[in-house]
Participant: 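Okay, handing you the structure first.
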Amino acid sequence: MSNDTNTPPDDAPIVDINDQIAQRLDNLAAWRGEGTDPYGAIFPDRTLSVDAKALYNEDDPEAEPSVTVAGRIVLFRVMGKAVFAQLRDGAGLIQVYAQKNVLGDELFAAFKRLDFGDIVGVTGGVFKTRTGEITAKVQSYTLLSKALRPLPAKHEGLVDVEQRYRQRYLDLIGNDEAAAVFRKRIDIVREVRSFLEDRGYLEVETPMLQVVAGGAAARPFETYYNALSCPMFMRIAPELYLKRLLVGGFEKVFELNRNFRNEGLDRRHNPEFTMLELYEAYGDCRTMMELVEALITTVAQNVNGSLQVRLNEETTLDFTPPFRRVAYRDLVCERMGNDWYDVSGAERLGRAQALDLEVDAGMSDVAVTHEIYEKVIEHELIQPTFVTRLPRHLVPLAKTCDDDDTLVDVYELEINGLEISPGYSELNDPVEQRKRFQEQIDTADGNPEVSKIIDEDFLTALEHGMPPAGGLGLGIDRLVMLLTAAESIRDVILFPHLRPKK
RNA sequence: GGGACGGUAGCUCAGUCGGUAGAGCAUCUGCCUUUUAAGCAGGGGGUCCCGGGUUCAAGCCCCGGCCGUCCCA
């Protein structure tokens with residue numbers, strides 16, 4: 001209990017009341033006073049706005065076929081004894097036209113009391129106004145939901161980015177482009193599933209809560225499992241479970257769901273993100289390259305109707321296959337000189353420093369090279385590029401190359417300077433796998449991204465024999481960013497993480 | 001974690017040199033039966049993000065904090 005006079009009374013209908021909300025509360029009371037339930041009920045047999053407008057017949061303008069539509073009032077123009085309102089439903093917009101002589105004094109007066117943002121159902125004949133807009137005449141109407149808060153400005157929509165993320169529903173109501181991005185995301189996810197289903201891959205669900213957060217190097221979210229009295233981790237990857245399924249005889253499996261990594265947020269990272277992960281027995285890295293290339297081109301073509309995406313003034317992505325395939329070493333030589341791997345360590349260091357990179361003599365040659373790859377080369381890979389044959393220490397879960405055991409048989413697909421998909425020839429030698437896990441722990445040096453626990457259950461599974469396999473990951477949020485030309489991952493995630501207010 | 005920028009009416013934004021806080025839309029009142037960012041006339045609406053400080057006087061200057069955006073690590 002508080003005596004603070006700034007605190008609204010316990011029976012305040014709304015905490016942050018202002019003149020507009022007060023007016024709407026008055027209107028709400030007026031509806032109730034007339035015996036109308038301002039929050040409606042089931043409203044069946046409505047027609048979507050687009051279909052309703054299609055009923056208008058150019059050859060017989062007098063017909064005025066009757067339709068019932070429902071939606072949110074997004075424009076409301078009172079003109080004395082008539083009102084024009086625009087309703088938005090799931091399919092688009094339709095204008096309705098209410099007239100005093102049609103509705104009668106009382107119903108018309110009540111109609112005028114509707115507010116911008118209210119949800120109504122309307123029945124009436126479809127006609128075309130003298131300015132050419134197909135419109136439904138209001139014969140009868142039903143209030144379906146009273147909005148107690150005004151919508152953002154009708155023309156600008158909602159601009160404030162923070163509010164767009166925190167109150168995404170307002171963004172979706174007011175900004176068509178935002179709604180279009182999320183509809184396209186839905187299309188993309190459906191296309192990915194349908195592509196994989198057509199090729200016989202089985203969609204599975206594996207644990208989100210894991211005892212060992214394996215399958216990637218990332219800091220996990222921790223929680224506690226009361227019933228089992230043990231700490232648990234939100235998964236950072238489903239990999240080790242999907243591989244158990246390979247052992248179990250599921251030969252082509254995938255999972256398309258959330259991973260959680262307890263790391264920073266920025267334009268390209270949301271700690272909770274959506275990933276496709278897929279494994280195919282008897283395949284390898286090349287099988288995976290071909291698959292992901294076909295998948296991306298098919299999805300791009302089906303959702304965008306084109307293999308080109310214009311990102312901005314300077315950049316247009318071209319997904320026409322085949323994507324470029326280039327070995328890590330060749331890429332480094334291409335950027336840093338063909339003699340890169342032959343010159344002295346001091347010379348390499350000098351060339352790296354010339355690029356303003358923070359490298360020092362204490363770093364190994366491999367580390368210096370990789371610093372250049374990550375800080376410079378990766379960002380320059382704009383058009384889809386498969387980088388292959390990466391240094392082995394980077395990837396503990398992949399097979400080494402047949403002809404060079406310092407390299408692993410993997411690809412990383414880079415697009416617009418973003419790593420969008422990794423793919424491996426999966427390591428299925430349990431003894432080698434144990435060795436690599438141990439190496440990782442031994443060299444972790446307190447790095448919180450490396451699990452200090454070896455997943456013994458996983459190794460046991462491998463010891464039973466996992467078929468040779470190809471595997472791949474595909475960042476769905478990033479794929480959506482590329483296909484919608486979105487600049488921030490927050491523009492493709494409906495409810496991105498933000499710091500809680502106050 | 002560091003830097004730059006931003007937070008003013010429900011929304012979008014101005015706010016000069018530190019001197020009575022503004023516009024458009026929205027809202028309210030009146031007029032208006034085919035409008036299209038409808039129109040005309042009039043009115044109301046502010047914890048200038050929060051907390052300190054400087055000053056006769058702070059939206060503005062200084063310090064600290066909160067939230068966000070971008071860049072960097």
Side-chain angles (χ1 to χ4, degrees), chain A residues 4-8 14-27 30 53 56 61-62 64 73-88 93-105 107-109 111-118 124-138 147-171 173-175 263-270 356-359 371 374-376 379 417 448 486-491 496-502:
Chain A
D4 186 350
T5 49
N6 290 326
T7 305
I14 283 186
V15 291
D16 54 343
I17 202 154
N18 60 43
D19 60 331
Q20 302 202 40
I21 291 174
Q23 177 62 42
R24 284 161 183 260
L25 287 169
D26 286 349
N27 292 343
K53 286 190 279 192
Y56 176 75
E62 307 298 317
E64 301 198 357
I73 297 171
V74 294
L75 271 178
F76 200 74
R77 289 197 267 271
V78 180
M79 300 177 48
K81 298 184 180 62
V83 176
F84 283 96
Q86 214 158 44
L87 304 189
R88 172 185 293 285
L93 295 168
I94 185 166
Q95 181 169 262
V96 300
Y97 179 50
Q99 299 160 97
K100 188 172 186 174
N101 63 340
V102 172
L103 289 173
D105 291 355
L107 286 178
F108 183 72
F111 193 91
K112 282 210 288 188
R113 195 204 295 132
L114 288 169
D115 287 307
F116 188 42
D118 289 354
V126 177
F127 75 110
K128 189 183 251 183
T129 65
R130 87 166 64 129
T131 50
E133 179 150 358
I134 297 173
T135 301
K137 271 181 193 165
V138 181
L148 298 180
R149 292 178 184 273
L151 291 173
K154 59 185 179 183
H155 307 303
E156 294 89 350
L158 186 60
V159 172
D160 180 67
V161 251
E162 183 176 355
Q163 203 178 347
R164 285 183 49 220
Y165 297 151
R166 290 193 196 273
Q167 294 180 274
R168 181 69 86 184
Y169 46 92
L170 295 178
D171 191 29
I173 292 169
N175 298 325
E263 295 166 354
L265 305 78
D266 64 30
R267 212 152 58 83
R268 301 180 184 82
H269 296 87
N270 195 61
D356 285 334
L357 294 178
E358 284 179 26
V359 289
E371 180 75 6
E374 281 199 318
K375 299 287 154 58
V376 178
H379 300 296
E487 287 182 356
S488 169
I489 197 167
R490 290 179 163 176
D491 292 326
H497 292 165
L498 292 179
R499 196 180 294 273
K501 277 223 150 172
K502 269 194 87 180

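In this text, all values refer to a predicted model and were calculated from it rather than measured experimentally.
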Participant: A:K154 has a side chain; which of B:U35, B:C67, B:A37 sits nearest to it?
Facilitator: B:A37

Participant: Distance between the C1' atoms of B:U27 and B:C70, in whole angstroms?
Facilitator: 36 Å

Participant: Are the side chains of A:V102 and A:V138 in touch, meaning some heavy atoms are under 4.5 Å apart?
Facilitator: no

Participant: Would you mind reading off the distance between A:I134 atom CD1 and B:U35 atom C1', rounded to a whole angstrom?
Facilitator: 16 Å

Participant: Has A:K137 got its NZ or CZ under 6.0 Å from the middle of the six-membered ring of A:F127, at an angle within 45 degrees of the ring axis?
Facilitator: yes

Participant: Would you kindly give the CD-to-C1' distance between A:E156 and B:A26, to the nearest whole Å?
Facilitator: 10 Å

Participant: Determine whether A:Q86 and A:K154 satisfy the following criterion, side-chain contact (heavy atoms from CB on, under 4.5 Å), listing intermediate values before the conclusion.
Facilitator: CA-CA 12 Å; A:Q86 214 158 44; A:K154 59 185 179 183; over 6 Å; no

Participant: Separation of A:Q163 atom CD from B:U8 atom P, in whole Å?
Facilitator: 10 Å

Participant: Between the base of B:U69 and the side chain of A:E162, is there a donor and acceptor pair under 3.5 angstrom?
Facilitator: no

Participant: Under the side chain to side chain contact (heavy atoms under 4.5 Å, CB included) test against A:L151, which residue among A:I73, A:L158, A:I173 passes?
Facilitator: A:I173

Participant: Any N/O pairs under 3.5 Å between the protein and nucleotides 40-46 of chain B? List them or say none.
Facilitator:
unit_1, atom_1, unit_2, atom_2, d
B:G44, N2, A:D19, OD2, 2.3

Participant: Which of these nucleotides, B:C70, B:U69, B:U33, is closest to any side-chain atom of A:S488?
Facilitator: B:C70

Participant: How many Å lie between OH on A:Y165 and C1' on B:U69, as a whole number?
Facilitator: 9 Å

Participant: Can you check whether A:Q20's main-chain N or O pairs, donor with acceptor, with A:N18's side chain at less than 3.5 Å?
Facilitator: yes

Participant: If I pick the P atom on B:G2 and the same atom on B:G64, what distance separates them, to the nearest angstrom?
Facilitator: 12 Å

Participant: Under 4.0 angstrom, heavy atoms only, what part of the nucleic acid is A:I21 near: base, sugar-phosphate, or nothing?
Facilitator: nothing

Participant: For nucleotides B:C5 and B:G24, find the distance between their C1' atoms and express it as a whole number of Å.
Facilitator: 25 Å

Participant: Mapping A:K100 and A:E487 onto RNA chain B by nearest heavy atom, which one lands closer to the 5' end?
Facilitator: A:K100

Participant: Between A:D160 and A:R166 (salt bridge meaning N to carboxylate O under 4.0 Å), is one present in this structure?
Facilitator: no

Participant: With sugar-phosphate meaning primed atoms plus P, OP1 and OP2, does A:G174 contact a base, only sugar-phosphate, or nothing at under 4.0 Å between heavy atoms?
Facilitator: nothing

Participant: Could you measure between the two P atoms, the one in B:C48 and the one in B:A21, and give it in whole Å?
Facilitator: 11 Å

Participant: Quick one: look up who B:G46 pairs with, Watson-Crick or G-U, both distances under 3.5 Å, and put none if it's unpaired.
Facilitator: none

Participant: By nearest atom, which of the nucleotides B:C13, B:C11, B:G68 is closest to the A:V159 side chain?
Facilitator: B:C13

Participant: Quick one: does A:N27's side chain get under 4.5 Å of A:Q23's, heavy atoms only?
Facilitator: yes

Participant: Starting from P on B:U69, measure out to CD1 on A:I489 and report it in whole angstrom.
Facilitator: 13 Å

Participant: Under 4.0 Å, counting only non-hydrogen atoms across every strand here, what does A:R164 touch: a base, just sugar-phosphate, or nothing?
Facilitator: nothing

Participant: Return whichever of A:P150 or A:A82 has its heavy-atom-nearest nucleotide of RNA chain B closer to the 5' end.
Facilitator: A:P150

Participant: Just do the side-chain contact (heavy atoms from CB on, under 4.5 Å) check on A:L265 and A:R499 with the steps written out, would you?
Facilitator: CA-CA 10 Å; A:L265 305 78; A:R499 196 180 294 273; over 6 Å; no

Participant: Base, sugar-phosphate, or nothing for A:R130, non-hydrogen atoms under 4.0 angstrom?
Facilitator: base

Participant: With C1' as the reference atom in both, quote the distance from B:C40 to B:G45 in angstrom, rounded to an integer.
Facilitator: 22 Å

Participant: Give each protein N/O atom lying under 3.5 Å from an N/O atom of nucleotides 71-73 of chain B, with the pair distance.
Facilitator:
unit_1, atom_1, unit_2, atom_2, d
B:C71, OP1, A:R267, NE, 3.0
B:C71, OP1, A:R267, NH2, 3.0
B:C71, OP2, A:R267, NE, 3.1

Participant: Considering only side-chain heavy atoms of A:F127, which listed nucleotide, B:U27, B:U34, B:G68, is closest?
Facilitator: B:U34

Participant: For B:C61, give the paired nucleotide (Watson-Crick: N1-N3 plus N6-O4 or O6-N4; G-U: N1-O2 and O6-N3; both under 3.5 Å), or none.
Facilitator: B:G53

Participant: Take atom CD of A:E487 as the centre, draw a 6.0 Å sphere, and report whether it contains more than 12 heavy atoms from other residues, nucleotides or ligands.
Facilitator: no

Participant: If you measure from the P atom in B:G39 to the same atom in B:G46, how many Å do you get, rounded?
Facilitator: 26 Å

Participant: Under a 3.5 Å limit for both distances, which nucleotide forms a Watson-Crick or G-U wobble pair with B:C5, could you say?
Facilitator: B:G68

Participant: Categorize A:L151 for me: base, sugar-phosphate, or nothing, with a 4.0 angstrom heavy-atom threshold over every strand shown.
Facilitator: nothing

Participant: What do the steps show when you test A:D105 against A:K100 for side-chain contact (heavy atoms from CB on, under 4.5 Å), and what is the final call?
Facilitator: CA-CA 6 Å; A:D105 291 355; A:K100 188 172 186 174; 3.2 Å; yes

Participant: What's the NE2-P distance between A:H155 and B:G24, to the nearest Å?
Facilitator: 13 Å

Participant: Once the angle between the rings of A:F84 and A:Y97 is folded into 0 to 90°, is it parallel (under 30°), tilted (30 to 60°) or perpendicular (over 60°)?
Facilitator: parallel

Participant: Could you pull out all residues at least two apart from A:F116 that satisfy ring pair (Phe, Tyr, Trp, His ring centres under 6.0 Å)?
Facilitator: none

Participant: Using atom CG of A:D115 as one end and atom P of B:A26 as the other, report the distance to the nearest whole Å.
Facilitator: 13 Å

Participant: In whole Å, measure the gap between the C1' atoms of B:G59 and B:G51 for me.
Facilitator: 16 Å

Participant: With rounding to whole Å, what would you report as the distance between B:A23 and B:A41 at their P atoms?
Facilitator: 15 Å

Participant: Closer than 4.0 Å, any side-chain N/O of A:R499 to the OP1 or OP2 of B:C66?
Facilitator: no

Participant: If we only count heavy atoms from C-beta on, is the A:I14 to A:R149 side-chain gap below 4.5 Å?
Facilitator: yes

Participant: Would you indicate what A:V78 reaches in the nucleic acid, counting non-hydrogen atoms under 4.0 angstrom: base, sugar-phosphate, or nothing?
Facilitator: base

Participant: Taking CD from A:E133 and C1' from B:A37, how many angstroms apart are they, rounded to a whole number?
Facilitator: 13 Å

Participant: Strictly by Watson-Crick or wobble contacts shorter than 3.5 Å, is anything paired with B:U34, and which nucleotide is it?
Facilitator: none

Participant: Does A:Q99 reach a base, just sugar-phosphate, or nothing at all? Heavy atoms under 4.0 Å.
Facilitator: base

